[in-house]
Amino acid sequence: MALTQFLLFFTLFSLPSLPISTADSDAYPSIPGTASINGDFITADELKPIRREVYNEEGKIYDISHRLTPEMPSWDSTEGIGRFLWLAASIKNGSLANNSEMKIPTHTGTHVDSPGHFYDEYLDAGFDVDSLDLQVLNGPALLVDVPRDSNITAEVMKSLHIPRGIRRVLFRTLNTDRRLMFKKAFDTSYVGFMKDGAQWLVDNTDIKLVGLDYLSVAAYDDLGPSHLVFLKGRETILVEGLKLDDVKVGLYTVHCLPLRLVGAEGSPIRCILIE
Ligand SMILES: *[C@@H]1O[C@H](CO)[C@@H](O)[C@H](O)[C@H]1NC(C)=O
Ligand SMILES: *[C@@H]1O[C@H](CO)[C@@H](O)[C@H](O)[C@H]1NC(C)=O
Ligand SMILES: *[C@@H]1O[C@H](CO)[C@@H](O)[C@H](O)[C@H]1NC(C)=O
């Protein structure tokens, strides 16, 4: 152990009561349960992580993934995802290092669906998230606003006039205005694709990456039918639970990277937009 580390270790243990600040990021709701250490020996500046939504130094990067927190919505639940992360080994309890463990459904927060999600034979055949095409998940992408008074039907898709050749589209909907991804209780009235909207997209566009701003790209009422239409051809990749707040409509480069979970039909995903 280096001397500074030892001193930090010693300091943490010898303070009778460690002042913990609960006010974390000024810009954004912080992750509940985390805190900055604000003691005499460690200044907030030294130990306070910078949490950002937008990186602005050399070209703009928007983080369009949601933070994973216990309060974030979980499918069909009023309770959020709940406690999913714990310190299995901790320095405070005598371990050399802190080691956390987690347990979450693979379709939690910002995540991706593989063809195996709604087709059993595809999952059996190995069409898991590890088989998803990184060429589809990365490249030029269009962010569009859809009309706020409807789910995404064929009519709505037609009205968007998305040109042929566009392969990746992120659909911002009423879900973003309603801040549904920031609400703990799952809301079945979210906006998504109706079956005819999904079919229209598959038949009349070159879109292979479909992104949406709630936990499913398919409207609750057409959950099965819309997924079946999208995933049948095994070419369309569905990215769900995107954070599209405060990003201007337009053309970006998207980068989405799922975990290489062999055998899983879903995975949490990190997505960014580069301007
Ligand atoms: C290590 O774990 C302790 C709890 O034992 C926690 O207070 C501390 O913030 C953790 N340190 C890091 C670097 O995560
Ligand atoms: C440390 O160990 C005690 C006793 O086993 C336990 O109650 C506590 O939750 C542990 N703390 C952490 C941070 O693991
Ligand atoms: C979208 O469909 C859901 C049911 O899946 C419904 O509750 C909601 O009101 C619809 N939203 C709009 C804007 O029509």
Side-chain angles (χ1 to χ4, degrees), residues 64-66 71-81 104-120 141-162 166 168-205 207-233 236-250 265-269 271:
I64 55 169
S65 339
H66 279 278
E71 282 77 29
M72 79 188 316
S74 178
W75 192 260
D76 267 346
S77 163
T78 53
E79 301 305 311
I81 63 174
I104 47 168
T106 55
H107 300 264
T108 295
T110 309
H111 70 276
V112 69
D113 288 354
S114 88
H117 190 30
F118 273 77
Y119 286 93
D120 208 21
L142 193 61
L143 170 64
V144 298
D145 267 318
V146 304
R148 297 313 201 230
D149 57 353
S150 168
N151 276 287
I152 308 177
T153 58
E155 207 57 44
V156 168
M157 273 308 298
K158 234 180 280 177
S159 78
L160 294 174
H161 300 293
I162 295 166
I166 298 281
R168 302 167 196 83
V169 178
L170 313 181
F171 295 88
R172 182 166 53 199
T173 75
L174 186 62
N175 304 334
T176 293
D177 306 352
R178 295 176 67 202
R179 294 186 66 76
L180 291 186
M181 282 297 292
F182 296 94
K183 292 179 180 160
K184 187 159 121 179
F186 180 73
D187 191 328
T188 59
S189 72
Y190 69 88
V191 163
F193 277 83
M194 301 306 284
K195 185 188 178 191
D196 67 326
Q199 194 65 59
W200 199 92
L201 181 148
V202 169
D203 294 342
N204 300 288
T205 74
I207 301 168
K208 298 293 178 243
L209 183 150
V210 178
L212 202 118
D213 50 5
Y214 199 53
L215 290 170
S216 168
V217 299
Y220 198 73
D221 283 354
D222 265 0
L223 195 61
S226 293
H227 272 98
L228 289 170
V229 167
F230 278 134
L231 297 176
K232 188 174 187 206
T236 308
I237 301 183
L238 307 178
V239 179
E240 303 172 327
L242 284 169
K243 180 170 68 64
L244 301 175
D245 310 65
D246 305 324
V247 189
K248 284 200 191 88
V249 160
E265 77 306 313
S267 167
I269 196 167
C271 286

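On a predicted model such as this, the values are computed, not experimentally measured, just so you know. When a ligand or atom number is given, it counts from 1 through the structure's own listing order.
Taking both residues in full, the closest heavy atoms of L160 and P147 are given as CD2-CD, 4.2 Å, listed atom of the first, atom of the second, then distance. Closest heavy-atom contact between M157 and I162: CE-CD1, 4.2 Å. Nearest heavy-atom pair across V191 and N151 is CA-OD1, 3.2 Å.
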Considering only N or O atoms, set out every pair between ligand 3 and the protein closer than 3.5 Å, with distances to one decimal place.
from: ligand 3; atom 1: 2 (O); to: N151; atom 2: OD1; distance (Å): 3.4
from: ligand 3; atom 1: 2 (O); to: N151; atom 2: ND2; distance (Å): 2.2
from: ligand 3; atom 1: 5 (O); to: Y220; atom 2: N; distance (Å): 3.3
from: ligand 3; atom 1: 5 (O); to: D221; atom 2: N; distance (Å): 3.0
from: ligand 3; atom 1: 11 (N); to: N151; atom 2: ND2; distance (Å): 3.2

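H66 and F182 have perpendicular rings, their planes meeting at more than 60° on a 0 to 90° scale where under 30° would count as parallel. Y214 and Y190 have tilted rings, their planes meeting at an angle from 30° to 60° on a 0 to 90° scale.
In this structure, D203 places its CG atom where more than 12 heavy-atom neighbours from other residues, nucleotides or ligands lie under 6.0 Å away.
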